[in-house]
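First comes the structure, then the notes that go with it.
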Amino acid sequence: MLKQSLNQKLQQKLSPQQIQFVQLLQLNTTEIINKVDEEIAENAALDKNEDDSDNKEDKNEENNSEDSSSEEDNLEAELSDYMNDEDNFQLYTPNYNQQEERKEIPIADFKTLYDNLIEQLNTMELTERQKELANHLIGMIEEDGYLRRPLKSIAYDLAFINNITTNEEELATVLKEIQTIDPPGIGARNLEECLLIQLEAKEKEEGESENIDLAKTIISSHIKLLANKHYEKLMKNVGITKDKLKEIINVITHLNPKPGESQINVKTQYITPDFLVNQLSNGEFEISLNSHNTPHLKINRGFKEKLESYKAQKKENKKLKDELQFIKQKLDNAKWFIEAIKQRQQTLLMTMSTIVDLQKPFFKTGDYTKLTPMILKDIAEKIEMDISTVSRVVSSKYAQTDNGIIPLRDCFSEGIMTTSGVEVSNKEVKRILKEMIENESKKKPLTDEKLTTMLNKKGYNIARRTVAKYREQMKIPVARLRKEL
């Protein structure tokens with residue numbers, strides 16, 4: 001038998017407006033421009049304010065509107081209030097100059113790897129069937145230039161999806177043709193094949209040489225010894241001297257292990273700083289938002305004109321009421337979006353001002369060793385906001401300073417205690433660690449243990465596992481893989 005019961009439960013849920021504000025907060029300057037354009041395209045009540053004189057004209061006209069007592073007239077009056085508030089809800093842009101020419105953020109032209117390969121394929125002397133198979137194979141090549149899907153599986157794909165019967169041998173023949181086009185190494189199924197294709201192309205271009213032949217031997221038979229830098233064993237197995245091995249390694253290191261990267265399908269997007277941080281003559285900082293490409297926003301005048309046209313229609317009209325309700329919803333959304341943009345910018349400025357205040361020595365000099373250990377919680381407590389809010393403000397944001405453009409994430413770091421009892425930023429330790437590795441003898445690279453000892457002598461109380469972690473974060477390989485002849 002089912003039992004019914006009544007329970008009370010308290011839940012916290014974000015409203016749609018709060019969710020949208022959180023999303024706006026995370027966008028950088030380039031993304032917010034696109035978001036504003038999208039919102040204008042979706043909501044006809046929202047418009048860009050290209051001329052401030054329009055606002056004054058609209059406001060004067062609104063002040064002459066007549067009051068009404070009916071339900072529809074009350075609704076009209078409520079909607080008209082949105083028109084009166086246009087000047088109060090302009091997008092806050094402290095650095096935007098109306099006389100300045102608007103410039104679009106430059107985006108570099110690009111051609112995809114697929115487009116480049118197909119273009120070359122069309123100039124090759126192949127049968128229609130070979131071109132059809134080659135077209136499919138090129139479509140399976142990944143962005144780094146490798147064909148990782150087995151030919152047997154590709155043959156099955158062609159049979160079941162394209163109704164083309166083929167086999168591994170035929171596909172291998174066509175793939176061999178693809179591997180002759182630029183960039184050299186394209187269509188390789190593994191690193192060895194990629195490098196060997198490039199060596200063969202190099203041999204055709206420069207002619208036969210002992211070094212190229214030996215490079216082929218090492219790649220095809222001893223690539224693991226080369227990758228692990230077991231040079232002594234490699235020289236013994238191949239029967240060559242150290243000087244000859246240096247020459248061969250020089251040939252191999254000039255090959256491209258990822259031939260597709262030069263044609264990778266990515267747009268080059270230039271960094272646009274979100275904040276401008278300028279040091280004044282008195283040593284203080286002027287902080288502002290980079291709003292050069294952000295337009296003013298206002299309520300669309302067409303909505304007001306539409307309301308005026310409704311006054312001449314019959315009052316008791318259900319269709320009229322529905323249309324007015326629709327307009328009210330659009331205006332509500334437009335007004336909230338403008339206010340959300342303004343709130344977003346205020347939050348950004350407040351957060352950035354606090355960051356600069358806590359990291360003044362760094363912003364004055366641009367020297368990363370001047371960074372004070374600081375985490376997101378420190379900023380959140382200062383501005384009395386949640387840590388997640390600060391994280392969204394910092395994410396993908398950049399500041400233009402007198403010392404160049406810096407990512408906001410660089411301002412945050414963990415602290416490390418020195419032997420003198422002073423807490424320093426881990427970024428300072430990373431920079432010293434990087435300098436040690438750059439200045440080491442490549443014939444005998446410094447191990448993590450040796451690096452730890454050297455840092456300890458400099459007064460940094462740090463463990464070997466932390467040194468290894470920092471080295472990995474900087475994408476620096478272990479000592480054995482940094483060794484050179």
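For the numbers below, each heavy atom of this structure counts, side chains included, while hydrogens, waters and symmetry mates do not. None of these values were measured; they are calculated from a predicted model.
Judged by distance alone, the side chain of Arg464 and the main-chain N or O of Glu449 form no donor-acceptor pair under 3.5 Å. Of the possible polar contacts, one joining the Asn456 side chain to the Tyr460 backbone as a donor-acceptor pair under 3.5 Å is found. Judged purely by atom type and a 3.5 angstrom limit, Gln179 uses its side chain to pair as donor or acceptor with the backbone of Gly187. Distance alone, capped at 3.5 Å, is enough to place a donor-acceptor pair between the Arg482 side chain and the Pro477 backbone. When atom types are taken as modelled, the side chain of Asn228 and the backbone of His230 share no donor-acceptor pair closer than 3.5 angstrom. Looking at Gln359, its side chain does come within 3.5 Å of a backbone N or O of Cys411 through a donor-acceptor pair. Looking only at distances, no side-chain donor or acceptor of Asn439 sits under 3.5 Å from a matching main-chain atom of Met436.
When all heavy atoms of Asp274 and Lys397 are compared, the closest pair comes out as OD2-CA, 3.2 Å. Across Ala399 and Val277, no two heavy atoms sit closer than the pair CB-CG2, 4.3 Å. A pairwise comparison of heavy atoms in Asn290 and Thr29 identifies O-CG2, 3.7 Å as the closest pair. A pairwise comparison of heavy atoms in Glu177 and Leu126 identifies CG-CD2, 4.0 Å as the closest pair. The minimum heavy-atom distance linking Ile212 with Leu199 is given by the pair CG2-O, 3.9 Å. When every heavy atom of Thr389 is checked against every heavy atom of Leu25, the shortest pair comes out as CG2-CD2, 3.4 Å.
Val394 has its side chain out of reach of Ser391: every pair of non-hydrogen atoms, C-beta onward, lies at least 4.5 Å apart. Within the 4.5 Å cutoff, the side chain of Ile462 has heavy atoms near those of the Tyr470 side chain. Counting heavy atoms from C-beta on, the side chains of Thr365 and Asn403 never come closer than 4.5 Å. Between Ile355 and Met374 there is a side-chain heavy-atom pair separated by less than 4.5 Å. Side-chain contact between Thr241 and Met235: absent, with no pair of heavy atoms (C-beta onward) separated by less than 4.5 Å. A 4.5 Å side-chain heavy-atom check between Phe362 and Val356 finds every atom pair outside the cut-off. Counting heavy atoms from C-beta outward, Phe275 and Thr401 have side chains that stay 4.5 Å or more apart. You'll find the side chain of Phe363 stays beyond 4.5 Å of the side chain of Lys370, heavy atoms only.
Residue pairs that meet the side chain to side chain donor-acceptor pair (under 3.5 Å) test with at least one member in residues 212-226, sequence neighbours left out, are Glu203-Lys216. The salt bridge (charged side-chain N to carboxylate O under 4.0 Å, His left out) analysis of residues 233-244, with sequence neighbours excluded, yields the pairs Glu210-Lys244, Lys244-Glu247. Sorted by first and then second residue, the salt bridge (charged side-chain N to carboxylate O under 4.0 Å, His left out) pairs with a member in residues 157-169 read Arg149-Asp157; sequence neighbours excluded.
Here CD1 of Ile181 is found 4.5 Å from CG of Leu117. Values are rounded to the nearest 0.5 Å. Taking CD1 of Ile138 as the reference point, atom CD1 of Ile186 lies at 9.0 Å (rounded to 0.5 Å). In this structure, the separation between CG on Leu147 and CD on Glu193 is 9.0 Å, given to the nearest 0.5 Å. Thr354 OG1 to Glu381 CD: the interatomic distance, rounded to the nearest 0.5 Å, is 12.0 Å. Rounded to the nearest 0.5 Å, atoms OG1 (Thr466) and CZ (Arg471) are 12.0 Å apart. Note that the CD1 atom of Ile178 and the CG atom of Asn135 stand 9.0 Å from one another [nearest 0.5 Å].
Annotation: salt bridge (charged side-chain N to carboxylate O under 4.0 Å, His left out) contacts of Glu170 (sequence neighbours excluded): Arg129. Residues satisfying the side-chain contact (heavy atoms from CB on, under 4.5 Å) criterion with Ser353, sequence neighbours excluded, are Ile287. Arg344 pairs by the salt bridge (charged side-chain N to carboxylate O under 4.0 Å, His left out) definition with nothing, not counting sequence neighbours.
Within a 6.0 Å radius of NZ in Lys382, other residues, nucleotides and ligands contribute 12 heavy atoms or fewer. Under a cut-off of 6.0 angstrom, the local environment of CG in Asn163 is sparse, with at most 12 non-hydrogen atoms contributed by other residues, nucleotides or ligands. Residue Glu232 places its CD atom among 12 or fewer non-hydrogen atoms of other residues, nucleotides or ligands, all under 6.0 Å distant.
Side-chain atoms of Asp386 and Ser388 include a donor-acceptor pair closer than 3.5 Å. Inspection of the Gln279 and Glu286 side chains reveals no N or O donor paired with an N or O acceptor under 3.5 Å.
Using a 4.0 Å cut-off between charged nitrogen and carboxylate oxygen, Glu440 and Lys450 do not count as a salt-bridge pair. With respect to Lys430 and Glu428, no salt bridge is recorded, no charged nitrogen being found less than 4.0 Å from a carboxylate O.
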Practice prompt. Could you check Gln26 against Glu31 for side chain to side chain donor-acceptor pair (under 3.5 Å), going step by step and ending with a plain yes or no?
Written response: CA-CA 9 Å; Gln26 194 162 348; Glu31 293 166 339; over 6 Å; no
